[in-house]
Protein chains: 2
Amino acid sequence: MDTSSSSMRAPSMRARSNLHQRIARDLGERIAAGDPVPGKFLPTEADLCARLAVSRSALREGVRLLAGKGLITSKRKVGTVVRPRTEWNMFDPDILAWHLAAAPTDSFVTDLFEVRRIIEPWAAALAAQRADAPTIARIGVACEDMVRFQGKAEELLEADLRFHETILEATGNAFLISFGALIESALHASFQLSWSGSAHTPEYSLRRHRRVWETIRERKPQDAFALMSELLRSAIEDVHDALLTRRLAVTEGNGLFAGPAAPERPSAPQSGEPAGPAPRRRARRNHPHPNQEERQ
Amino acid sequence: MDTSSSSMRAPSMRARSNLHQRIARDLGERIAAGDPVPGKFLPTEADLCARLAVSRSALREGVRLLAGKGLITSKRKVGTVVRPRTEWNMFDPDILAWHLAAAPTDSFVTDLFEVRRIIEPWAAALAAQRADAPTIARIGVACEDMVRFQGKAEELLEADLRFHETILEATGNAFLISFGALIESALHASFQLSWSGSAHTPEYSLRRHRRVWETIRERKPQDAFALMSELLRSAIEDVHDALLTRRLAVTEGNGLFAGPAAPERPSAPQSGEPAGPAPRRRARRNHPHPNQEERQ
DNA sequence: GAGCCGCATTTGTAGGACAATTTGGGAAGT
DNA sequence: ACTTCCCAAATTGTCCTACAAATGCGGCTC
């Protein structure tokens, strides 16, 4: 793993954070990008201390930070190994950010929005049932801020995030609240992807947000569910288009295995289609979870 | 915070783990139980070192472990503060385990199953679309193991968990896979709650599991969705009954504020009820998320 | 009374020493 | 030649000490 290049990047950037936090970010971004691939070992502490030019205390505290997120485990005499990705805490805000720092994979972004589309309609429905007045008001404020900051992308993103996070909060469910990190990651991803793409006009998206808010305010769970589903569907379309564009631009035709692993059947004609995210087209999904456990 | 009693519990139990891991577990269980309530500070490092009789290095590494999970943050001269619960990583396996170690709150268990009921039907549907043959076979093996271990609670629990986790894995979605920890927590909770309760016979539950598997094998997403919903609904009923029993046994009438904060309306009569988790009765939900940020 | 400064406290970093553990190879015995 | 046992080297784990840096607080000055 090449630590020389990025370890001395932007010496004063993020100088506010502690050393062990910077170390954790450095190693975390690397690991998320697959530098020491799961199953492989990090360099020894002595090596890392020398390469990063830090003391062993700071290095070990940074490593502990990553261990707390499930990224790595250390054993005496053996070393520090990167755990399989299935063990990572994919809802951890830092891990999500580190994934985005490296060029986010198609599957990463797709999975992100898939989960959003499962969770958020329900969150909206529950919010419509349970939200108290002040929280509903805050959702409204977020909507207004989105209109207000329509020009400035930075603030618009923040208001958009606040809109969705407040809805999660309104459910009162501690676990749903933890989804905020995932949404933030998704918004950043779609921002850095489809900064241009967006087949839908911003006004269109803003109106959708406002309509979700209105259904919550009016205590109509089913409508909130449906409208949030719609909102996410259009967002996914934008991101999907952006991904297609990027994929065509970067690499051409990864279409091996475009076949019958998962039969297309857009929606098997059975009893009524469950409301919400429809079984979507996804011709890729080539990786059969090879359970990679190789050691170096 | 009283560290003297529990810090020296079971001196040889878990002697396999490292010291900083034991420290993290000790502090983590305490914090999860609300000993230093969010917003309050932990004792100083010097204090903790003295109370736990460990070196500062080991203590700090344990604290870093907790910081990696979002439980606490440290600042120079200020101290180490417990972050608000909304910032905790509620999908972290350790945090979930620590919550269960203390007597799990009603709302904890309820929220747990609420999220399960949102996620898992979709996971089953996606698995029915995407699962490859070996994974489907493993789901079947889990079913058979559940039948085989019907007597022994320990192995039954393990097979049950394996059933649900394999379905998550079959979706191929990295984030859904991270839900395994939550399911494990839920199973342990329902085990330690309704060890007896279960209005439904075990055979009934086993048959439900098997039918979910069959729909996945036969690539029927909608049926998988519906059956998994049913399976969870009955599981929730059991747990809910157990909670009621326990609540009546332990404390009587915490019914202050049983009022109009969230109007009852079991399901506002609108367009067709979305399939899946129905808006449920929940007369409690007393905590209006007071954003407690008090400092000591 | 208000504003500024210094001091004390607390966490952060450095560095060295030794302990514990496990891998792997080498030696010895069969 | 093969197996078994043991020792030694390598690596993380723990302890210790010292100092650095930040920051809240009290006191001092104007």
Side-chain angles (χ1 to χ4, degrees), chain A residues 1 3 7-8 11-12 14-27 31 36 39-68 70-83 293-296, chain B residues 1 3 7-8 11-12 14-27 31 36 39-68 70-83 293-296:
Chain A
M1 96 192 255
T3 54
S7 66
M8 52 189 57
S12 67
R14 293 288 189 192
R16 282 298 83 186
S17 64
N18 290 327
L19 181 54
H20 60 258
Q21 290 169 345
R22 269 175 293 168
I23 292 173
R25 185 165 48 90
D26 233 52
L27 297 177
I31 293 172
K40 300 275 183 162
F41 287 82
L42 266 66
T44 66
E45 290 182 348
D47 270 6
L48 282 175
C49 286
R51 292 205 225 188
L52 301 176
V54 297
S55 73
R56 198 153 89 103
S57 318
L59 177 76
R60 284 180 61 83
E61 291 193 16
V63 165
R64 274 320 145 246
L65 224 22
L66 298 182
L71 247 66
I72 55 181
T73 50
S74 304
K75 266 208 321 220
R76 268 176 177 147
K77 164 67 183 171
V78 176
T80 303
V81 66
V82 178
R83 301 178 72 185
E293 280 297 338
E294 59 194 73
R295 309 178 90 84
Q296 72 182 0
Chain B
M1 88 192 261
T3 55
S7 65
M8 52 189 59
S12 68
R14 292 287 189 193
R16 282 297 83 185
S17 64
N18 291 326
L19 181 55
H20 60 256
Q21 289 169 345
R22 268 175 295 168
I23 293 172
R25 187 166 48 91
D26 231 53
L27 297 177
I31 293 173
K40 300 274 183 168
F41 288 81
L42 266 66
T44 66
E45 290 182 349
D47 270 5
L48 282 175
C49 286
R51 293 203 224 187
L52 302 176
V54 297
S55 73
R56 197 164 158 234
S57 316
L59 176 76
R60 284 179 62 83
E61 291 193 17
V63 164
R64 272 324 144 241
L65 223 24
L66 297 183
L71 245 67
I72 55 181
T73 50
S74 304
K75 263 205 327 216
R76 270 175 174 146
K77 164 66 184 176
V78 176
T80 301
V81 67
V82 178
R83 301 178 71 186
E293 280 297 336
E294 58 194 75
R295 309 178 89 83
Q296 71 182 358

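Letters A, B, ... are given to chains in the order of the sequence lines, protein chains preceding strands, and every chain is numbered from 1.
Protein atom CZ of B/R64 is 8 Å distant from nucleotide atom C1' of C/dG12, rounded to whole Å. C/dT10 atom P lies 12 Å from atom CG of B/L48, rounded to whole Å. Residue A/E61 contributes atom CD, which lies 14 Å from atom P of D/dC15 at whole-angstrom precision. Distance B/H20 NE2 to D/dC15 C1': 15 Å, rounded to the nearest Å. Here the P atom of nucleotide C/dT13 and the CG atom of A/L52 are 13 Å apart, to the nearest Å. Atoms CZ (B/R76) and C1' (D/dA21) sit 4 Å apart, rounded to a whole Å. In this structure, CG of A/L59 is placed 9 Å from P of D/dT12, rounded to the nearest angstrom. A/N18 has its CG atom 12 Å from the P atom of C/dT11, to the nearest Å.
Contact check for A/I72 versus A/V81: no side-chain heavy atoms found under the 4.5 Å cut-off. Contact of the B/R60 side chain with the B/S74 side chain is not registered, since no non-hydrogen atoms from C-beta on lie closer than 4.5 Å. A/V82 has its side chain out of reach of A/L71: every pair of non-hydrogen atoms, C-beta onward, lies at least 4.5 Å apart.
Side-chain nitrogen and oxygen atoms of B/S55 include none within less than 4.0 Å of the OP1 or OP2 phosphate oxygen of D/dT14. Within the structure, a side-chain polar atom (N or O) of A/R60 is placed less than 4.0 Å from OP1 or OP2 of D/dG13.
As judged by a 4.0 angstrom heavy-atom cut-off over every strand, B/S57 is placed among the base-contacting residues.
Listed nucleotides D/dT23, D/dC15, C/dT11 differ in distance to B/V78; the shortest reach to its side chain belongs to D/dT23.
Of the residues near DNA chain C, B/K77 and A/Q21, the one whose nearest nucleotide (by heavy atom distance) lies more toward the 5' end is B/K77.
With values rounded to the nearest 0.5 angstrom, B/L27 atom CG is found 7.0 Å from B/L59 atom CG.
No hydrogens or angles were tested; on distance alone, a donor-acceptor pair under 3.5 Å links the side chain of B/R56 to the base of C/dG12.
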